Amino acid sequence: MKSSDFLISTVKEAPNDAQIISHQLMIRAGLISKLASGLYSYLPIGLKIIQKVEKIIRQEMNKSKALELLMPVAQPAELWQESKRWEEYGPELLRFKDRHERDFCMGPTHEEVITTIAKQYIRSYKQLPINFYQIQTKFRDEIRPRFGVMRSREFIMKDAYSFHIDKKSLGETYQVMHQTYCNIFDRLGLDYRPVLADSGAIGGDSSHEFHVLAESGEDAICFSDDSSYAANIERAETLPQGEPNAPKQELEIAHTPGVKTIDDVCNLLKISPKKSIKTLIVEGTDDNLIALVLRGDHELNEVKAAKLDGVKNPLQMAEETKVLKQLGCSFGSIGVVNLDIPIFVDYAAAHLSDFVCGSNKDDEHYIGVNWQRDSKKIVASDIRNVVAGDPSPDGKGKIEIKRGIEVGHIFQLGTKYSDSMNANVIGEDGRAVYMNMGCYGIGVTRIIAASIEQNNDDRGIIFPQAIAPFELVIVPINYNKSSRVKALADQLYMDCIEQNIDVLIDDRKERPGIMFADSELLGIPHRLVISDTHADNGKIEYKSRMHPDKVEIDFKEAVSFIVDKLD
RNA sequence: CGGGGCGUAGCGCAGUCUGGUAGCGCACUUGACUGGGGGUCAAGUGGUCAGAGGUUCAAAUCCUCUCGUCCCGACCA
């Protein structure tokens, strides 16, 4: 490709709505262009990158025996009503009517459609297992689109759906997909980790997420420092800590006028938050109130809490007016002594002795509280987020926490959709059974942002070779004035094309500094520079985007030198 | 949905408080010089100041409403 035939739309300054480095660089390098909130056009150079990512995904998916197909973006409401998700999904599902006033939605995912296809064409266990995938545009009307294509409303996703006669077969394909995902992310040159995940609203049993490690990641990932344990913080478990110590202090009232927060209580009473508890009130399933108790320095894990018996799922914090009416105090003064509603206590809080808590009266707190002596029977549970330093749930090592960008997610769905949509096959024994399903997603466009988050410097993007928009850039100095440079550069360009190198020759009438800066901003991995001074002695200059040093090589060997680098 | 910010040329911004000729840098066009790290000089192009209504002799500027956009929170396959 010649620069003069292409669109190089680099800019010095990114728009001020670009917050994170990948978003800024994608705008500055001219990969994307914003159309509206969460909607981006991919300019020619951005599309080249997408196509390279897709190629790797296709190759590995095909290798896993998955079959590519393509389903519609627009989907009829009937399908979603059948799976009950028309009601469950909420405003993230973009709904609209056609000219006949029939309800439709833009597909945020395709379980319903693929299940319909499977229902139609898969009749016998002999056709199973089978795994369909597509690479296609999804639309989710995100509450808050942000970070460019990292969390956009419209995005490209590879989604796969497998069908099985039983759970065993599903488990086998799940393992194959786990390995396939590792192969894909390896080839994409990403620093990533598979982690245990909550399966969320999609339902099902077993689930792993694949996270690219990056400071800007929206998820917290927990690792053991001494084993392979890794889990999303939503899912990472904490362990019971045994019986608390025997009481040493008497139960006493402390006056705490106007004090509401844990910080204020602890400052006033000169204790550590680790010796206090906080009591959160949530809605129960019968319009009742339920107390969740955490150590003062810990955070509630809403995913875990929503799964407790009698607690409304999804979790809903109680209104303060309702709390005031039923418990007689405001949020900051709730405590566990004489609290007459169901109480779930986090393991760490249940392990405390002689602690501080609210008294269920404003402006007073209890000190010297002890569970056995001062509170009614409680249920100890795992309801908090793990923190760095917690013991790993597998008993080996301690937990470390890092940030991650979710680029892949695999689920074992079981029969959730085949059941509600009546997708069955005839088994070996001649009886109809619901098919087990798995589903497997990769965020194609998010991968590009994630890769840039991991690979950049003060000059711009440093693309891994596998997804770089070009493998090589030729920068001729004085191309438009020096006929000798032009002849050599053109020859080199033709030779590269002959070797199937994805090469860009910068034949613009620009000063060298601009061409260097653009090639670095775009993250092209290899660069050859031709000038009159080099031409004099039959040399050419090579520079890798990864290394600061330039090297001189013989002009005649330049192409084979690059071919070697690309292998 | 709640709280906050912003909206002036393609991009980054000043001007708004205190009403009176719409500006700067980058980019873009033309020319000259220059030619290995975003160069210099000169001359240009480009704006319903987000939109609507109001106050006023006069509104980018004051008032009201609407829209867009970003941040924080709640939400999230």
Side-chain angles (χ1 to χ4, degrees), chain A residues 8-20 23-24 27-28 30 33-39 83 85 88-93 107-112 138-148 150-153 155 157 159-161 197-204 207-210 218-219 232 234 302-303 306 314-317 406-413 416-417 438-443 446 459-460 475-482 485 506 508-521 527-535 540-541 543 548 550 552:
Chain A
I8 307 277
S9 51
T10 52
V11 289
K12 270 192 204 168
E13 286 173 301
N16 65 357
D17 58 7
Q19 301 291 316
I20 60 171
H23 187 193
Q24 292 166 355
I27 299 280
R28 284 192 49 209
S33 166
K34 184 163 109 169
L35 183 64
S37 177
L39 301 178
S83 70
R85 290 209 290 183
E88 289 169 6
Y89 215 97
E92 202 175 312
L93 185 64
T109 177
H110 282 73
E111 280 82 9
E112 282 80 1
K138 297 277 187 279
F139 194 98
R140 296 180 188 174
D141 200 356
E142 294 283 349
I143 292 172
R144 185 142 89 88
R146 60 185 137 177
F147 302 155
M150 194 78 88
R151 181 169 291 277
S152 52
R153 294 195 290 179
F155 58 99
M157 185 173 181
D159 48 327
Y161 308 89
D198 183 74
S199 50
I202 201 162
S207 171
H208 283 82
E209 290 168 351
F210 291 76
E218 294 186 273
D219 287 282
N232 191 304
E234 290 179 347
E302 298 193 12
V303 174
L315 196 72
Q316 197 186 338
M317 303 304 289
E406 183 188 349
V407 292
H409 201 158
I410 60 179
F411 302 85
Q412 295 190 26
L413 293 175
K416 178 179 159 95
Y417 295 92
C439 88
Y440 319 93
I442 291 181
R446 183 181 281 184
R459 294 182 173 188
V475 178
I477 311 288
N478 255 338
Y479 183 86
N480 292 289
K481 282 234 178 112
S482 165
V485 165
D506 202 338
R508 292 176 298 174
K509 207 172 173 180
E510 291 289 358
R511 298 176 61 84
I514 289 177
M515 294 193 281
F516 292 147
D518 278 351
S519 75
E520 283 156 357
L521 177 57
R527 181 171 82 196
L528 290 172
V529 181
I530 301 179
S531 70
D532 274 314
T533 38
H534 289 109
I540 188 167
E541 178 190 295
K543 186 179 176 306
K550 302 163 179 171
E552 287 209 335

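Everything numeric in this text was worked out from a predicted model, so none of it was measured.
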Closest to the [X] side chain: [options]?
X      : options                : value
A:E13  : B:rG36, B:rC75, B:rG25 : B:rG25
A:S531 : B:rG12, B:rG36, B:rG37 : B:rG36
A:R28  : B:rG38, B:rG37, B:rC11 : B:rG38
A:E92  : B:rC76, B:rG37, B:rC72 : B:rC76
A:R144 : B:rG36, B:rC76, B:rA74 : B:rA74
A:S37  : B:rC70, B:rU34, B:rC1  : B:rC70
A:D17  : B:rC70, B:rC11, B:rC75 : B:rC70
A:E302 : B:rC11, B:rC75, B:rG36 : B:rC75
A:T533 : B:rG37, B:rG36, B:rG39 : B:rG36
A:Q19  : B:rG36, B:rG12, B:rC70 : B:rC70

Q.
If you assign each of A:F147 and A:E510 to its closest nucleotide in RNA chain B, which residue comes earlier from the 5' end?
A. A:E510
Q: Would you mind telling me which residue lines up with the more 5' stretch of RNA chain B, A:M157 or A:A36, judged by nearest nucleotide?
A: A:A36
Taking the [atom1] atom in each of [N] and [M], what is the distance between them to the nearest angstrom?
N      : M      : atom1 : result
B:rA42 : B:rG68 : P     : 45 Å
B:rC62 : B:rU18 : P     : 9 Å
B:rA27 : B:rC41 : P     : 12 Å

Have a look at [X] and say if it touches a base, only the backbone sugar-phosphate, or nothing, with a 4.0 Å heavy-atom cut-off.
X      : result
A:E541 : base
A:E218 : nothing
A:V529 : base
A:H110 : nothing
A:K34  : sugar-phosphate
A:R153 : nothing
A:N478 : base
A:E209 : nothing
A:P91  : nothing

Q.
Closer than 4.0 angstrom, basic N to acidic O: yes or no for A:E13 and A:R28?
A. no
Q) In whole angstroms, how far is the P atom of B:rG36 from the OH atom of A:Y479? A) 18 Å
Q) Rounded to whole angstrom units, what separation is found between the CD1 atom of A:I143 and the C1' atom of B:rU69? A) 17 Å
Sort out the partner of [N] for me: Watson-Crick or G-U wobble, both distances under 3.5 Å, none otherwise.
N      : value
B:rU56 : none
B:rC26 : B:rG10
B:rU61 : none
B:rU40 : B:rA32
B:rC1  : B:rG73

Q) Does A:R459 have any salt bridge (Lys or Arg N to Asp or Glu O under 4.0 Å) partners at least two apart in sequence or in another chain, and if so, which? A) A:E520
Q.
With a cut-off of less than 4.0 Å, is there a side-chain N or O of A:N16 near OP1 or OP2 of B:rC13?
A. yes
Q.
It should be established whether A:R140 places a side-chain nitrogen or oxygen under 4.0 Å from OP1 or OP2 of nucleotide B:rC75.
A. no
Q.
Let's test your reading of the model: under 3.5 Å, does the base of B:rC76 pair with the side chain of A:R151 as donor and acceptor?
A. yes
(Q) Given the structure, check if the side chain of A:R511 and the base of B:rG38 hold any donor-acceptor pair shorter than 3.5 Å. (A) no
